[in-house]
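Single-structure report; data block below.
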Amino acid sequence: MNQLAAEGILGSYPERERQMMDLTEMGQRAKKAATILASSSTQVKNSALILMADALMENSVRVMEANQKDVEESQARGMSEILLDRLVLNEKRVADMAEGIKSLIGLSDPVGEIIWGSRLPNGLILTKVRVPLGVVGIIYEARPNVTVDASVLCLKSGNAVILRGSSNTLSSNVALVGVLRDCLKEAGLPEDSIQLVSSPEREYAVQLMRLREYVDVLIPRGGKDLIENVVANSTVPVIETGIGNCHIYVDENADVEMALQILLNAKTQRPSVCNAAESLLVHGSIADVFLPRAIQALTEKKVTVYGCSRTLSYGQEVLPASEDDYYREYLDLKIAVKVLDSLQEAIDHINKYGSHHSDAIVTNDYSSAQKFTQEVDSAAVYVNASTRFTDGFQYGLGAEIGISTQRLHARGPMGLKELTTSKFVVYGQGQVRK
C-alpha cells in the first residue's frame, strides 16, 4: 500500500484517512457532493468522463500491478479459477472499462428530462421531471470493474456514490478510485462524488447499511448470501440486483441444433457471470433426441452435469441432482438438468426454483413461446436466444449498475434512467387553493 501511495495511485486516499474512516462523515460529504452533481451540466459531467477514460489507460500498468496483488492474495486463500476470472484485470479489461466510460458520453443525460406534463383547469402547468436518486451506496464482491461502472454511471446520472467492495479487491479498488477522484477534481466536480470504504472490516459494511440519514438507496451486487444479508440488515432502501439461476427450457417443438447452440453459449461462454445458464429443462418427448447430444457437448466443454433420475439414463457422466442443485447459482462449469412432461411443468419449475433473472425457451411453436413469456416471472424472458444477452451494453443501454430482479424501483439492466427518480415541478401565475 505504501508503494502505491508513493506512486500517487491512491489519489485522495492517504494512509491516515483510510485507517480512521468515519462513515457518517463520508455520508455528509457525499450528500454535499450530490447536491452539486444534481445541478451540474451534462457538458461538465461528460468532461469528467473523458478525463476518466484517458486516465485509466494512462494508469493501466499501475492499476494492473495493484490488481496483481489482489489476485496473488486471493489465490493464496484458495479462490477458484472461475471466481478469479472475475477479479483479474488485464490490458483488454482495462481498455474495455475505458471504452465503457466513453460510451456513456454519447448517451442522453436523464437528469432534467420532462417525463410528461399537462395544464390543469386552474391554469397550473404540471410537469414531472427526472432527478437523481441522491447518494447511492454499493456493496459488492470481487469485481473491480463494478468500481468503475458504478462510479461513472452514478456520475452521469447526477448521483454521489459510496463504494464498499470485497476485501479480495482492496488494492484494485483503492487504485481505481484514486484515479477517478483525481479526474473529478480536474473537471471541477467534488472529489467526494466518488468515495470508497477502503477498509476490509465488515463493521463498515454494516454501518453503510444503517446510514439512512445520508444514503438514499443501497445496491448489493454479489452472491445470494451477500444480497440476503443486505436486505435483512439494511435500514436504507435496497434495490436487489439478484443472483442468476437462469434456465434454458428445450420445448417439444424445439430445433435441436439451435437448442444446442443456445445451451452451450449460455452455459460455457462465461460461466462466472449472473446471466449464464445454471439449469437445463427438457421436454420428455424430445429428450431422447436432444439430451445425449447435449450431455456429450457439455462434457466436452468440461461441464459437470447433475441430473434428475430420468436424466441419469442418458449418460454415465451425469451425477445425481439434489433438490438444492435446482436452486443453485453455480457460477462455475456445472449445470442442473431435469426432464419434464409439459410446458406448464417447466414454467412452474422456473418460478419455484429460479431467481427471476433471465430464462429462455427454445421452441418453434408460437403459442408455447407466448405462454412462456407471459407466465415466467423474470426480469428478462427469451425466445430462441441465449440468456447471456441480459446486459446493459447488449441491450443498447450502455453500462449498467446491475440486473434488478425485483419489481420496485426498476427491473432488468439498471442504466442511467434507472438511477433516477422524479419530482413534480408546478408553474403558476398566482393561483391559490380555495
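E201 has its side chain within reach of E203: a pair of non-hydrogen atoms, C-beta onward, lies under 4.5 Å apart. Looking at heavy atoms from C-beta onward, L56 lies in side-chain contact with L176 at the 4.5 angstrom threshold. Looking at L89 and M97, their side chains come closer than 4.5 Å, going by heavy atoms from C-beta outward. Annotation: side chain of N90 is not in contact with side chain of V94 (no heavy-atom distance under 4.5 Å). For the pair R210/V236, no side-chain contact is recorded, criterion being any heavy-atom separation below 4.5 Å from C-beta on. The side-chain heavy atoms of R411 and H356, taken from C-beta on, include a pair separated by under 4.5 Å. At least one side-chain heavy atom of R407 sits under 4.5 Å from a side-chain heavy atom of D377. Using a 4.5 Å heavy-atom cutoff, the side chains of V197 and M26 are in contact.
Classified by interplanar angle (parallel below 30°, tilted 30° to 60°, perpendicular above 60°), the ring pair Y382/F389 is tilted.
Side-chain polar atoms of N46 and T42 form no donor-acceptor pair below 3.5 angstrom. For T387 and N275, the side-chain atoms include no donor-acceptor pair closer than 3.5 Å.
Annotation for E113: atom CD counts as buried by contact number, over 12 foreign heavy atoms lying within 6.0 Å. Heavy atoms from other residues, nucleotides or ligands lying under 6.0 Å from CD of E213 number 12 at most. For E186, the CD atom sits in a loose shell: 12 or fewer heavy atoms of surrounding residues, nucleotides or ligands are nearer than 6.0 Å. Within a 6.0 Å sphere centred on CZ of R77, other residues, nucleotides and ligands contribute more than 12 heavy atoms. Open room surrounds CD1 on I114; 12 or fewer heavy atoms of other groups in view lie less than 6.0 Å from it. Counting non-hydrogen atoms of other residues, nucleotides and ligands closer than 6.0 Å to OH of Y427 gives a total of 12 or fewer.
Residue K31 holds its NZ atom at 13.5 Å from CD1 of I36, rounded to the nearest 0.5 Å. How far CG of L211 is from CG of L23: 6.0 Å, rounded to the nearest 0.5 Å. If you take CG on L416 and CG on L104, they are separated by 5.5 Å, rounding to the nearest 0.5 Å. Here the straight-line distance linking atom OG of S272 with atom CG of L333 works out to 9.5 Å at 0.5 Å rounding. To the nearest 0.5 Å, the span separating CD on Q28 from CG on D22 amounts to 7.5 Å. The structure places CG of L218 at 11.5 Å from CZ of R212, a figure rounded to the nearest 0.5 Å.
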Step by step, work out the side chain to side chain contact (heavy atoms under 4.5 Å, CB included) result for T363 and Y249. CA-CA 9 Å; T363 186; Y249 167 60; over 6 Å; no

Test log, rule side chain to side chain contact (heavy atoms under 4.5 Å, CB included), inputs T304 and Y330: CA-CA 11 Å; T304 301; Y330 291 110; over 6 Å; no

Pair L87-M79, side chain to side chain contact (heavy atoms under 4.5 Å, CB included): steps then yes or no: CA-CA 10 Å; L87 172 58; M79 180 180 282; 4.2 Å; yes

Determine, stepwise, if the pair E257 / Q261 fulfils side-chain hydrogen bond (donor to acceptor under 3.5 Å, both in side chains). CA-CA 6 Å; E257 296 299 329; Q261 182 177 352; over 6 Å; no

Quick one, S355 with N245, criterion side-chain hydrogen bond (donor to acceptor under 3.5 Å, both in side chains). Give me CA distance, side-chain angles, the key distance, then yes/no. CA-CA 5 Å; S355 60; N245 181 11; 5.8 Å; no

Chi angles and distances behind the side chain to side chain contact (heavy atoms under 4.5 Å, CB included) call for V111, R130: CA-CA 5 Å; V111 180; R130 201 176 292 281; over 6 Å; no

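Checking V339, T311, I248 one by one against L280, the side chain to side chain contact (heavy atoms under 4.5 Å, CB included) holds for a single residue, I248. Considering E323, E278, H247 in turn, E323 is the only one that fulfils the side-chain hydrogen bond (donor to acceptor under 3.5 Å, both in side chains) rule with Y353. Put simply, the residue from N145, D70, T147 that forms a side-chain hydrogen bond (donor to acceptor under 3.5 Å, both in side chains) with S172 is D70. Considering I295, V303, V305 in turn, I295 is the only one that fulfils the side chain to side chain contact (heavy atoms under 4.5 Å, CB included) rule with E317.
The residues R143 and D85 are annotated as not salt-bridged, no charged nitrogen and carboxylate oxygen being separated by less than 4.0 angstrom. With respect to D348 and K352, no salt bridge is recorded, no charged nitrogen being found less than 4.0 Å from a carboxylate O. Salt-bridge annotation for K334 and D325: absent, with no side-chain N of the basic residue lying under 4.0 Å from a carboxylate O of the acidic one. Salt bridge status for R29 with E25: present, with a side-chain N to carboxylate O gap under 4.0 Å. Look at D192 and K32 and you find no salt bridge, because none of the NZ, NE, NH1 or NH2 atoms lies under 4.0 Å from a carboxylate O.
Considering every non-hydrogen atom in both G412 and A379, the closest pair reads N-CB, 3.7 Å. Of all heavy-atom pairs spanning R270 and V273, the tightest one is O-CG2, 3.0 Å. The minimum heavy-atom distance linking P200 with L170 is given by the pair CD-CD2, 4.1 Å. A pairwise comparison of heavy atoms in L37 and G158 identifies CB-O, 3.5 Å as the closest pair. Minimum heavy-atom separation, L189 to A48: CD1-CB, 3.9 Å. In plain terms, the two heavy atoms of P190 and L184 that are nearest each other are O-CD1, 3.7 Å.
Side-chain atoms of T405 never come within 3.5 Å of backbone atoms of T241 as a donor-acceptor pair (strictly under, hydrogens ignored). Side-chain N or O atoms of S74 include none that pairs as donor or acceptor with a backbone N or O of V71 at under 3.5 Å. Checked by atom type and distance alone, the side chain of H349 never pairs as donor or acceptor with a backbone atom of L281 at under 3.5 Å. In this structure a side-chain-to-backbone donor-acceptor pair under 3.5 Å is missing from N168 to A142. Side chain of R181 to main chain of I194: a donor-acceptor pair is present (N/O by atom type, distance under 3.5 Å, no hydrogens or angles). R164 places no side-chain N or O within 3.5 Å of a backbone atom of I139 that could act as its donor or acceptor partner. Remark: side-chain polar atoms of S157 are paired, donor with acceptor, to backbone N or O of C154 under 3.5 angstrom. A donor-acceptor contact shorter than 3.5 Å links the side chain of K45 to the backbone of K156. Put simply, the side chain of K301 never gets that close to the backbone of T268: no donor and acceptor are under 3.5 Å apart. R93 places a side-chain N or O within 3.5 Å of a backbone atom of V88 that can act as its donor or acceptor partner.
F290 pairs by the ring pair (Phe, Tyr, Trp, His ring centres under 6.0 Å) definition with nothing, not counting sequence neighbours.
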